[in-house]
Engineer: 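Input: one structure, supplied below.
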Amino acid sequence: MLTLVLLLAASTSAQTLSPSVLHAKRSHLPAGWSRVRRHAQDAVLPLRFGLTQSNVEMSTLERLLNDVSHPESVNYGKHWTPERVAEHFAPTEEAVHAVTSWIVGSGLPQERVRVSKTKGWVMVNASVAETEKLLNTQYHVYKHKSGKEHVACEAYHLPAHIVPHVALVTPSIDFNAMLAKRASDPTHKLGQPGAGVSLKVGSQISSTMNSDDLDNCDVTITPACVRALYDFRYSPVAAHKNSLGIAEYTPQAYRAADLDLFAKNFTSLGGESLVGARPVLQSIQGGVVQHINVSFEFNVESNFDLAYAMNLVTGKQHVTLYQVGDFEIGGSFNNFLDALDGSYCTFEGGDDPTTDSIYPDPLPGGYKAHDCGTVKPAYVISSSYADNEADLSPAYAIRQCAEYAKLGLMGVTVLYSSGDNGVAGNDALCLNPDGSQTEDGQRFNPLFPGTCAFVTGVGGTQINPGSKVTDPESAAELSSGGFSNYFPIPDYQKSAVAGYLKANPPPFPSAVYNATSRAFPDISSNAVNFTTTAEGIFFPVSGTSASSPVVAAMLSMINDARLAVGKGPIGFINPTIYSAAFKGAFNDITDGSNPGCGTPGFAAAKGYDPVTGLGTPNFPKLLKLWLALP
Ligand SMILES: *[C@@H]1O[C@H](CO)[C@@H](O)[C@H](O)[C@H]1NC(C)=O
Ligand SMILES: *[C@@H]1O[C@H](CO)[C@@H](O)[C@H](O)[C@H]1NC(C)=O
Ligand SMILES: *[C@@H]1O[C@H](CO)[C@@H](O)[C@H](O)[C@H]1NC(C)=O
Ligand SMILES: *[C@@H]1O[C@H](CO)[C@@H](O)[C@H](O)[C@H]1NC(C)=O
Ligand SMILES: *[C@@H]1O[C@H](CO)[C@@H](O)[C@H](O)[C@H]1NC(C)=O
């Protein structure tokens, strides 16, 4: 008893001595929003403090990942169990104690303060008046031109002794409010990645085409063209041990008739028919293959990702479809990650209500549960969706990036399309010095999660018009690439990036990109004029959406070969692909660039470049090298 009193007294005095320091500040108001009034002092805020996990500093994560992912490490391939991951990164008791005693010491009753089961969050319902005092801030109501209102502050403060324990506070500065129910708008939306990368669509393909014809690959890409480009002909032998997952976000959904139409014209290896083949549905947060909205824009992304992945891994290997989000509110990357890692999720939800969908969904017809740690992640996971990094707060992006590192520790390869607007962001927006985004902005606008150092970002290439499938490809102009503004450069790419910048000084001011940061993409594959189906007809589509599932299929077949000889999956590949041993295992792309923001963008060049990364995969070489690793 006595000790307890003394402890409380000590922490109270520490707190009064502890100066209040700025923890987060928003630089600008997102487009379409204006500040309308102070929030009512007696309104109640569901205040949540996301505690800093242990050992999640970027440099620590990089060291841990290198230990199991660097080909020269003695622990290469010795991936962690989910239990070890959860334990290693849990917030400390000290953090829980410091934050709760600070809140109670500030006058809020102990009974109102709750700690989540996983110790990741401290939560308290507090009035605006109480919150403003606690965080030394002011809350306002903001209004969007659509009429939607949102409560936020411009900046907030924490006592210095609390700062090391808190990663983020919600609601606070984040503004990625969901403007409307996702189901009513299939276009790209923050946190709820809509039509993912903005596929560029050509006109209907009607010409008769032999599914194995390689003479027209410069006009339209087919699975046969992809196999020829990367010398990728592999029939799985260990499918029962292997897994490949493709993530899609409701209401995007594949249409069975479109998959069959594709399968009818394009057989798999050796003429195998995939007519009638379907992905294995793994529903996450109420994810459904919805048949309510059927149109090109609702189906093309899923049709396309699945048709190619399924064709390339053949009918022997199941492709798992991670369908994320119910039909009412949809889902975000975090809503997906919750299902893969129960420690990321919490019983109250670890998501940011301003960016992620909150499950259980109270709307009529909404999903009435929250899937936390319910899904065993596939060995390779591909997502053809991306957000402008600048649309997310650094804290939000960093927390999610750490989660990808954990998947890497567990032996999962996470691939994201790099994006489709060259050095500009989604919707061709570029950054202004104050952080806002406009089409005439001057600074490059990188895309997340490709900018996370623990994800493999996949850029795009093309066969030049008139060229053969055996000729070298060029960079696709749409291929997003450049440098993060949030993440420092990881060791694995330091010398590759330094070599690029030295040999190819960009012809624009260094102020428009962040040369000391994480560069992306890491690798690339064809992204232009892919034959796909929607609404019962064939179309060519272009975008790095094409590249990620194709690379995923190749890496998955490398896993197959390793599993067949009793080895483990390749896991996080970046330290390996940049290593000296893998030099020459990619088709280096040295032509083309990724223009945007009023510049020619970065030029593709010998070795690494922030347009096509290390190049496109040479499947036989990669297979041989990975089979040689333990
Ligand atoms: C805050 O209030 C809501 C609504 O009454 C309740 O569901 C929630 O459990 C409360 N949270 C805490 C931390 O007490
Ligand atoms: C999707 O379908 C629902 C139900 O029929 C409808 O209310 C909604 O307007 C549709 N959305 C679009 C964008 O077509
Ligand atoms: C698909 O196959 C049909 C029948 O062989 C053919 O008429 C059509 O041109 C083909 N379409 C494409 C896009 O290859
Ligand atoms: C893609 O298709 C368009 C339209 O048919 C064509 O003009 C263009 O040359 C093609 N691009 C490449 C790189 O194949
Ligand atoms: C550049 O990137 C670093 C992280 O590598 C970041 O700390 C810094 O704020 C960025 N600069 C700008 C202007 O965004």
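Atoms considered below: every heavy atom in the structure, side chains included; atoms not considered: hydrogens, waters and symmetry mates. Start at 1 and go down the list; that is how both ligands and their atoms are numbered.
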Engineer: Could you list which atoms of ligand 4 come closer than 4.0 Å to a heavy atom of P465?
Structural biologist: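 Taking each heavy atom of P465 in turn, ligand 4 has 9 (O) under 4.0 Å.
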Engineer: Which protein heavy atom lies closest to atom 9 (O) of ligand 5, and at what distance to 0.1 Å?
Structural biologist: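 Here the closest protein heavy atom is N485 O, 4.0 Å.
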Engineer: Under 4.0 Å from atom 11 (N) of ligand 4, is there any protein heavy atom?
Structural biologist: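 It does; a protein heavy atom is within 4.0 Å.
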Engineer: Relative to the heavy atoms of D218, which atoms of ligand 4 are at a distance of less than 4.0 Å?
Structural biologist: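 Reading through ligand 4 atom by atom, the close ones are 12 (C), 14 (O).
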Engineer: Looking at R278 and D260, is any side-chain nitrogen of the basic one under 4.0 Å from a carboxylate oxygen of the acidic one?
Structural biologist: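 Looking at R278 together with D260, the answer is yes, because their closest N to O distance falls below 4.0 Å.
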Engineer: So do the side chains of L158 and L135 get within less than 4.5 Å of each other, counting heavy atoms only?
Structural biologist: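 Touching, per the 4.5 Å side-chain cut-off.
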Engineer: When you look at CD of Q437, are more than 12 heavy atoms from neighbouring residues, nucleotides or ligands closer to it than 6.0 Å?
Structural biologist: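 More than 12 within 6.0 Å, yes.
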Engineer: Between L431 and N485, is there a side-chain heavy-atom distance shorter than 4.5 Å?
Structural biologist: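 Yes; the side chains approach each other to less than 4.5 Å.
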Engineer: Out of I537, N265, T533, whose heavy atom is nearest to atom 14 (O) of ligand 3?
Structural biologist: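 Nearest heavy atom to atom 14 (O) of ligand 3 lies in N265.
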Engineer: Is T220 touching ligand 4 with its side chain, its backbone, both, or neither, if touching means heavy atoms under 4.0 Å apart?
Structural biologist: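 Under 4.0 Å from ligand 4, T220 contributes no heavy atoms.
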Engineer: What protein heavy atom sits nearest atom 4 (C) of ligand 5, and how far away is it?
Structural biologist: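 Here the nearest protein heavy atom works out to S517 OG, 3.6 Å.
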Engineer: Please state whether the rings of H23 and Y156 are parallel, tilted or perpendicular, taking 30° and 60° as the class boundaries.
Structural biologist: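 Taking Y156 first and then H23, their aromatic rings sit tilted (interplane angle of 30° to 60°).
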Engineer: Looking at P488, which atoms of ligand 5 are within less than 4.0 Å of one of its heavy atoms?
Structural biologist: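 Numbered from 1, ligand 5 contributes 5 (O).
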Engineer: Determine whether the side chain, the backbone, both or neither of E389 has a heavy atom under 4.0 Å from any heavy atom of ligand 5.
Structural biologist: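 For E389, there is no contact with ligand 5 at all, from either part.
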Engineer: Would D522 and Y578 count as having a side-chain donor-acceptor pair, cut-off 3.5 Å?
Structural biologist: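 Yes, Y578 and D522 have a side-chain donor paired with an acceptor closer than 3.5 Å.
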Engineer: What atoms of ligand 4 come closer than 4.0 angstrom to any heavy atom of V528?
Structural biologist: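 Answer for ligand 4: 11 (N), 12 (C), 13 (C).
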Engineer: Taking C-beta and beyond as the side chain, do R227 and L312 meet within less than 4.5 Å on heavy atoms?
Structural biologist: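 Yes; the side chains approach each other to less than 4.5 Å.
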Engineer: Before we go on, tell me: are the rings of Y416 and F333 under 6.0 Å apart, centre to centre?
Structural biologist: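 Ring-ring flag for Y416/F333: true, centres closer than 6.0 Å.
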Engineer: Does some side-chain heavy atom of I246 sit less than 4.5 Å from a side-chain heavy atom of V319?
Structural biologist: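 In contact.
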Engineer: Suppose we measure from atom 13 (C) of ligand 4 to each protein heavy atom; which comes out shortest, and what is that distance?
Structural biologist: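 Here the nearest protein heavy atom works out to I463 O, 3.3 Å.
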Engineer: Identify which of T516, N514, I489 has a heavy atom lying nearest to atom 8 (C) of ligand 5.
Structural biologist: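 Checking each option, the heavy atom nearest atom 8 (C) of ligand 5 is found in N514.
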Engineer: Could you go through the side chain to side chain donor-acceptor pair (under 3.5 Å) check for D588 and T590 one step at a time?
Structural biologist: CA-CA 6 Å; D588 195 2; T590 57; over 6 Å; no
Engineer: Does the residue P540 have a heavy-atom contact with ligand 4, meaning some pair of atoms that are separated by less than 4.0 Å?
Structural biologist: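 Contact absent.
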Engineer: If you measure every N or O of N464 against every N or O of ligand 4, does any of those distances drop under 3.5 Å?
Structural biologist: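 No, since none of the N or O atoms of N464 sits under 3.5 Å from an N or O of ligand 4.
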Engineer: Among F304, Y308, F539, find the residue that satisfies the ring pair (Phe, Tyr, Trp, His ring centres under 6.0 Å) test when tested with F262.
Structural biologist: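 Considering F304, Y308, F539, a ring pair (Phe, Tyr, Trp, His ring centres under 6.0 Å) with F262 is found only for Y308.
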Engineer: Could you list which atoms of ligand 4 come closer than 4.0 Å to a heavy atom of N529?
Structural biologist: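 Ligand 4 atoms under the 4.0 Å threshold to N529: 1 (C), 2 (O), 3 (C), 8 (C), 10 (C), 11 (N), 12 (C), 14 (O).
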Engineer: Which atoms of ligand 4 have any heavy atom of Q462 under 4.0 Å away?
Structural biologist: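 The atoms of ligand 4 under 4.0 Å from a heavy atom of Q462 are 13 (C).
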Engineer: Check whether any heavy atom of R518 sits under 4.0 Å from an atom of ligand 5.
Structural biologist: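 R518: no contact with ligand 5 (<4.0 Å).
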Engineer: Near F487, which atoms of ligand 5 are under 4.0 Å from a heavy atom of that residue?
Structural biologist: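 The atoms of ligand 5 under 4.0 Å from a heavy atom of F487 are 5 (O).
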